[in-house]
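Right, one structure below, let's go through it.
Since we're looking at a predicted model, the values are computed, not measured.
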Amino acid sequence: MKSDAIKKGHAKAPHRSLMKALGLTDEEMRRPLIGVINSKNEIVPGHLHLDTLTDAVKAGIRMAGGTPIEFPVIGVCDGIAMNHIGMKYSLASREIIADSIEVMATAHAFDALVGVTACDKITPGMLLAFARLDLPAIIVGGGPMLPGRLRGRSLDLIDVFEGVGQLKTGRISACELKDIEDAACPSCGSCAGMFTANSMSCLCEAIGIALPGNGSVPAVYSERVRMAKESGMRIMELLERDIRPSDIITKKSIENAFAMDMALGCSTNTVLHVLALATEAGIDVGLEDIDRISKKTPNLCRLRPGGDHYLVDLYEAGGVPAVMKELAKKKLVHTDVITATGKKLSENLKKAENIDKTVIRPINKPYTKTGGLTVLWGNLAPDGAVVKSSAVAESMQSHSGPARVFNSEESAYKAILGGKIKAGDVVVIRYEGPRGGPGMREMLSPTSAVIGMGLGETVSLITDGRFSGGTRGAAIGHVSPEAMAGGPIALVKEGDVISFDMKKRRISVALSDEELETRRAKLKLPKPKITAGYLGRYAQMVRSANLGAVLKTIDD
């Protein structure tokens, strides 16, 4: 066992003495030491109950003959960090989480790991660490929040963001906004729609690094506690059988994740995180592969913000296994891959059933024949851009309009709320990429304001930054190369005509190659917004969004 390095032999008597100071017995030290990573804090709603799940994981480990040892990691609530400097730290926190797990797991010679996680960057950070360390590992998600209820209708956090725009245009009163605010988030858990946190929990199932049900069992259900105990028991089996992340996270399972992404209509942020995971695992995957999978994988679900269903509806319809079983009917997923259950995916899917075909459409009756995410290419985004096309109205699947150019989220948001954006405009928000932001902020406030002000079917937004998983409308993000790297988005001027066609997968600005080169020769990049502290270092090291916004290595 790896933990023998700190507990076996006479030379390790000091190490054992320190562990006895923790209250561990000789018998506990003879057993495998399982690191249980508890990301719980008191600021993220998805984390309020993680102590309960962590205790359940530890109980499962003990039942199966292991010794659990808990340690923490940080976590950012994207909703609370939204629309201020705090959001610059969200994506960047993914690397700190991965690094801190590497430090703790290696320094203390754990034999295996279980990550108890919720929310946007914590789950990806744990996945990166698991791939890097290659110890037997399982993800245990905190689960989705239940939707709120107000005067007979369901709602979630996005209704609150959009309510700000509705108030600004007089469509609702301040009292009505307060009612929405009070009702939208009724329980612990990750916000109730198919936003980034829940998207990543579902994709952990698709990859096979989490048990079936991880993505959709509501946070407040006892079933999630049982799943946590089961995960604690399963990690001991994976350790005994020496099944590691490198056995589970493979080219096939990454392709399964992207197929599930397309079927569910997940957050565009999944592109960043799964590409980063593939890089960490040494798997050659790029936007071209995502585009290939999107072209052949039908969109079977329309969950918020792309539709009216919530994660609890997906759970009641059969969850991720039911969606994967639909995809398997046309061989759109690889069913011969090993999973955290210790079994192949084909065995996991035997009992899966599509219970509600209004929530999970049959494979032969999809919403669209192509996936819920679309990769766009063209002279504005030579290295690609990403849009959640399943959350875009049919009337905005293609559009041409004058560019309204802003060099920050704040200036764009002020213009939108100030009534300066008109129907047909293409709002360009640049210098918000991984390097330029720095941190590639999610921009839910501008997109929600556009929707709330009734412009969702006439105005588009384009950025080298990111949009939240809760975004709906023609919001095209991850434009690469980013402006701070001298990408074409830095050359766009007010009034330039920008066109996109999601079905043709094209995005362009109406400028000749010669004009673009003339402007590039005159381009003067702004000074970095932040040069000190962690973000200053991050900005110097981060790579492009089309590469997953991973950090440069020594060889780069």
Side-chain angles (χ1 to χ4, degrees), residues 90-92 94-95 121 124 127-128 196 199-200 203 251 254-255 257-258 261-262 266-295 371-389 428-443 461-467 469 471 475-492 498 500 502 505-509 516 520 538-553 555-556:
S90 176
L91 179 59
R94 183 184 73 183
E95 313 309 318
K121 307 308 166 299
L127 288 173
L128 296 185
T196 305
S199 293
M200 286 308 302
L203 295 196
K251 181 71 176 284
I254 291 291
E255 290 185 345
F258 281 125
D261 208 329
M262 301 308 160
C266 291
S267 163
T268 53
N269 287 314
T270 58
V271 173
L272 285 175
H273 299 319
V274 180
L275 286 178
L277 175 61
T279 297
E280 192 72 62
I283 298 167
D284 185 16
V285 174
L287 285 181
E288 296 82 0
D289 298 284
I290 298 170
D291 192 37
R292 169 178 56 81
I293 293 169
S294 175
K295 287 177 179 177
L373 297 184
T374 300
V375 180
L376 306 179
W377 313 86
N379 72 345
L380 187 61
D383 293 337
V386 183
V387 62
K388 187 171 184 172
S389 51
V428 176
I429 309 175
R430 63 191 180 190
Y431 296 105
E432 289 287 4
R435 190 196 309 179
M440 203 178 181
R441 284 190 287 184
E442 283 186 357
M443 288 178 275
L461 295 93
I462 297 174
T463 185
D464 54 4
R466 298 183 296 134
F467 291 117
T471 294
I476 300 168
H478 307 200
V479 171
S480 300
E482 64 173 292
M484 202 64 176
I489 192 171
L491 309 177
V492 176
I498 292 177
F500 58 83
M502 295 180 191
R505 290 170 153 72
R506 301 298 297 169
I507 183 168
S508 63
V509 56
L516 286 171
R520 181 170 285 108
Y538 179 88
Q540 294 176 359
M541 298 173 66
V542 70
R543 300 180 72 184
S544 179
N546 67 299
L547 301 174
V550 296
L551 298 185
K552 294 177 182 177
T553 65
D555 296 330
D556 289 327

>> Applying side-chain contact (heavy atoms from CB on, under 4.5 Å) to S508 and N379, what does each step give before you reach the verdict?
In response: CA-CA 5 Å; S508 63; N379 72 345; 3.1 Å; yes
Residues 269-278 side chain polar contacts: donor-acceptor under 3.5 Å, at least two apart:
unit_1 : atom_1 : unit_2 : atom_2 : d
N269   : OD1    : R466   : NH1    : 3.0
N269   : ND2    : T196   : OG1    : 2.8
N269   : ND2    : S267   : OG     : 3.4
N269   : ND2    : E442   : OE2    : 2.7
T270   : OG1    : D261   : OD1    : 3.4
T270   : OG1    : D261   : OD2    : 2.5
T270   : OG1    : S267   : O      : 2.7
H273   : ND1    : R94    : NH1    : 3.1

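- When the salt bridge (Lys or Arg N to Asp or Glu O under 4.0 Å) test is applied to E95, no partner is found at least two apart in sequence or on another chain.
- Within the 4.5 Å cutoff, side-chain heavy atoms of P488 are placed close to those of R520.
- Sorted by first and then second residue, the salt bridge (Lys or Arg N to Asp or Glu O under 4.0 Å) pairs with a member in residues 477-486 form an empty list; sequence neighbours excluded.
- Judged as a side-chain hydrogen bond (donor to acceptor under 3.5 Å, both in side chains), and not counting sequence neighbours, the contacts of T471 are T447.
- Within the 4.5 Å cutoff, the side chain of F258 has no heavy atoms near those of the L203 side chain.
- Among all heavy-atom pairs drawn from V542 and K552, the shortest one is O-CE, 4.2 Å.
- To the nearest 0.5 angstrom, L376 atom CG is 8.5 Å from F500 atom CZ.
- Distance check, rounded to the nearest 0.5 Å: CE of M484 to CG of D464 gives 10.5 Å.
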>> Working note: I462 + L380, criterion side-chain contact (heavy atoms from CB on, under 4.5 Å); need CA distance, chi angles, decisive distance, verdict.
In response: CA-CA 10 Å; I462 297 174; L380 187 61; 4.3 Å; yes
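- Considering only heavy atoms from C-beta on, R543 stays 4.5 Å or farther from P434 through its side chain.
- For the pair W377 and L287, the minimum side-chain heavy-atom distance is below 4.5 Å.
- Proximity of V428 to I489: side-chain heavy atoms (C-beta onward) are separated by under 4.5 Å at one or more points.
- Residues forming a side-chain hydrogen bond (donor to acceptor under 3.5 Å, both in side chains) with R292 (at least two apart in sequence, or on another chain): E255, D289.
- Annotation: the span from M502 atom CE to S389 atom OG amounts to 7.0 Å, rounded to 0.5 Å.
- Within the 4.5 Å cutoff, side-chain heavy atoms of D383 are placed close to those of P481.
- Shown here for A490 and Y431, the closest heavy-atom pair between the two residues is CB-OH, 3.7 Å.
- By the 4.5 Å heavy-atom criterion applied to side chains, T374 and V386 are not counted as neighbours.
- Here the straight-line distance linking atom CD of E432 with atom CE of M440 works out to 10.5 Å at 0.5 Å rounding.
- I290 is not listed as a side-chain neighbour of L373, based on a closest heavy-atom distance of 4.5 Å or more.
- Shortest non-hydrogen contact noted between V550 and L547 is CG2-O, 3.7 Å.
- In this structure, R430 CZ and L491 CG are separated by 8.0 Å, a value rounded to the nearest 0.5 Å.
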>> Could you walk me through whether I429 and L461 satisfy the side-chain contact (heavy atoms from CB on, under 4.5 Å) test, starting with their C-alpha distance in whole Å, then the side-chain angles of each, then the deciding distance to 0.1 Å, before giving a yes or no?
In response: CA-CA 7 Å; I429 309 175; L461 295 93; 4.2 Å; yes
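- From I476, atom CD1 reaches atom OG1 of T463 across 11.0 Å, with rounding to the nearest 0.5 Å.
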>> Using side-chain contact (heavy atoms from CB on, under 4.5 Å), reason through H478 and T268 one step at a time and then give a plain yes or no.
In response: CA-CA 9 Å; H478 307 200; T268 53; 4.1 Å; yes
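- When all heavy atoms of M443 and G465 are compared, the pair lying nearest together is CE-CA, 4.1 Å.
- Under the side chain to side chain contact (heavy atoms under 4.5 Å, CB included) criterion, S294 pairs with M262, R505, not counting sequence neighbours.
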